[in-house]
Trainee: 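Right, I'll just put the structure down here and ask away after.
When a ligand or atom number is given, it counts from 1 through the structure's own listing order.
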Amino acid sequence: MALEIWGVIRKLKEEVESLFMEIIEGRRAAALQAMAGHIDDEDGQQKNDYYGQDLLGLMLAEMEAAKLEAAAPLCGQRRRRQQLGRMYTSRQLMDECKTFFFTGHETTWLLLTWTFMLLASNPTWQHRARQEALLFLHQHGDMPDFDMLSRLKVLGMILLESLRLYTPATLLAREAFSSIKVGDLEIPKGLSVWVPVLAIHHDKTIWGEDADEFKPERFSEGVAKACKNQMAFMPFSFGPRNCVGQNFAMMEAKIVLCMLLSQFTFHLSPSYRHAPICILTLQPKHGVPIILRHFRP
Ligand code: HEM
């Protein structure tokens with residue numbers, strides 16, 4: 001049985017990797033074709049956006065630039081690029097794509113899924129969120145920028161409370177590279193340390209007796225005032241390996257919420273069964289069926 005599972009995992013891994021490789025090679029081929037047809041822009045400068053402006057495009061353009069520089073006589077810039085390790089192989093590029101896809105996709109859909117469940121079960125907060133979204137869209141139109149989105153206070157509080165109660169990444173794993181002492185704890189070299197984020201987010205000694213309740217107002221004056229120790233709120237982790245996509249994720253979630261709240265009301269389907277389970281991330285075992293109704297202001 002165990003061997004069978006490893007076989008399935010290996011097959012899935014190969015499938016995912018060949019899919020990413022196909023995307024990368026497809027992008028490269030399209031860029032080469034575009035370059036062959038149109039080398040210079042109006043100022044006679046070589047264009048560098050043939051690969052596209054998304055993350056994959058930027059990484060491919062950087063790889064190409066590093067390759068060209070490697071072929072040129074050694075200069076300061078070339079040395080700098082090599083120092084920064086930008087001479088990626090296609091395999092490394094594919095690994096980067098995998099990291100971003102898996103860390104960025106599932107976590108964000110889980111944040112949105114749990115937030116819709118919470119709003120559908122809390123009509124008062126749903127109403128407050130919709131009022132804010134409608135006012136925001138009225139003031140800023142369809143193309144809000146990052147600064148504007150950061151002013152969405154009610155939606156921000158709701159998302160933080162959702163990240164606290166149903167944090168997508170339920171635990172953080174680390175390994176001690178050397179023996180250290182943390183408070184009273186002696187941690188020997190090589191020990192695996194798991195930080196139980198979900199349990200910390202529900203700890204009544206930190207958040208109060210209402211720790212299990214949905215109360216976005218606890219974040220009305222920021223994270224520092226919401227609990228006894230602001231390090232206890234860690235949906236995106238802390239330190240040098242924390243989430244590089246956290247601002248992007250919050251921005252994305254606010255845009256999706258604004259758009260849907262302005263057009264629909266949400267109600268939990270009677271078939272909804274509340275069953276969060278941890279499969280690395282915190283997922284609704286039976287999904288979150290929601291009934292949408294067109295909203296007319
Ligand atoms: C609600 C959404 C998200 C949550 C809750 C989340 C959570 C986390 C957490 C807890 C970590 C640290 C893991 C650890 O320390 O072991 C992490 C790392 C990471 N996240 Fe996110 N993430 C989210 C969205 C995103 C998005 C949208 C992206 C990319 C666009 C992203 C990219 C990454 C990457 C690349 C890392 C690894 C950073 C490193 O190892 O240096 N995440 N994320």
Trainee: Considering only the protein, which heavy-atom contact is closest to atom 35 (C) of ligand 1, and what is its distance?
Mentor: V244 CG2, 3.4 Å

Trainee: Between K254 and L149 (side chain of the first, backbone of the second, donor and acceptor by atom type, cut-off under 3.5 Å), is there such a pair?
Mentor: yes

Trainee: Is the backbone of K215 close enough, under 3.5 Å, to the side chain of E161 for a donor and an acceptor to pair up by distance?
Mentor: yes

Trainee: Tell me the nearest of P235, A253, C243 to atom 10 (C) of ligand 1, using heavy-atom distances.
Mentor: P235

Trainee: Do the side chains of L111 and M259 join up, straight or via other hydrophobic residues, at under 4.5 Å, putting them in one cluster?
Mentor: yes

Trainee: Considering only non-hydrogen protein atoms, determine which one is nearest to atom 32 (C) of ligand 1 and report residue, atom name and distance to 0.1 Å.
Mentor: T103 OG1, 3.1 Å

Trainee: What residue and atom, counting heavy atoms only, is the protein's closest point to atom 38 (C) of ligand 1, and at what distance?
Mentor: N242 O, 3.7 Å

Trainee: Check the hydrophobic clustering (I, L, V, M, F, W, Y; side-chain heavy atoms under 4.5 Å; chains of links allowed) and say if L134 and W125 are grouped together.
Mentor: no

Trainee: Determine yes or no for a side-chain-to-main-chain donor-acceptor pair under 3.5 angstrom, with H267 supplying the side chain and A120 the backbone.
Mentor: no

Trainee: Nearest protein heavy atom to atom 27 (C) of ligand 1: under 4.0 Å?
Mentor: yes

Trainee: Checking S192 side chain against A173 main chain: does a donor-acceptor pair fall under 3.5 Å?
Mentor: no

Trainee: Verify, without hydrogens or angle tests, whether T89 (side chain) and Q92 (backbone) share a donor-acceptor contact under 3.5 angstrom.
Mentor: yes

Trainee: Going by heavy-atom distance to atom 40 (O) of ligand 1, choose the closest among R241, M251, M234, Q246.
Mentor: R241

Trainee: Please list, in number order, the atoms of ligand 1 under 4.0 Å from a heavy atom of A169.
Mentor: 10 (C)

Trainee: Provide the number and element of each atom of ligand 1 under 4.0 Å from a heavy atom of S237.
Mentor: 10 (C), 12 (C), 15 (O)

Trainee: Below a 4.0 angstrom heavy-atom separation, can you tell me which part of L111, side chain or backbone, both or neither, approaches ligand 1?
Mentor: side chain

Trainee: Could you check atom 13 (C) of ligand 1 against the protein and tell me its nearest heavy-atom contact, residue, atom and distance included?
Mentor: L172 CD2, 3.9 Å

Trainee: Can you confirm whether more than 12 heavy atoms, excluding those of L280, are under 6.0 Å from its CG atom?
Mentor: no

Trainee: For atom 23 (C) of ligand 1, which protein heavy atom lies nearest, and how many Å away is it?
Mentor: T107 OG1, 3.3 Å

Trainee: Does some non-hydrogen atom of R174 fall short of 4.0 Å from ligand 1?
Mentor: yes

Trainee: Can you tell me which residue and heavy atom of the protein come closest to atom 29 (C) of ligand 1, and the distance to 0.1 Å?
Mentor: F100 CD2, 3.5 Å

Trainee: Parallel, tilted or perpendicular for H201 and W207, by the 30°/60° rule?
Mentor: perpendicular

Trainee: At under 4.0 Å between heavy atoms, is it the side chain or the backbone of F236 that contacts ligand 1, or both, or neither?
Mentor: both

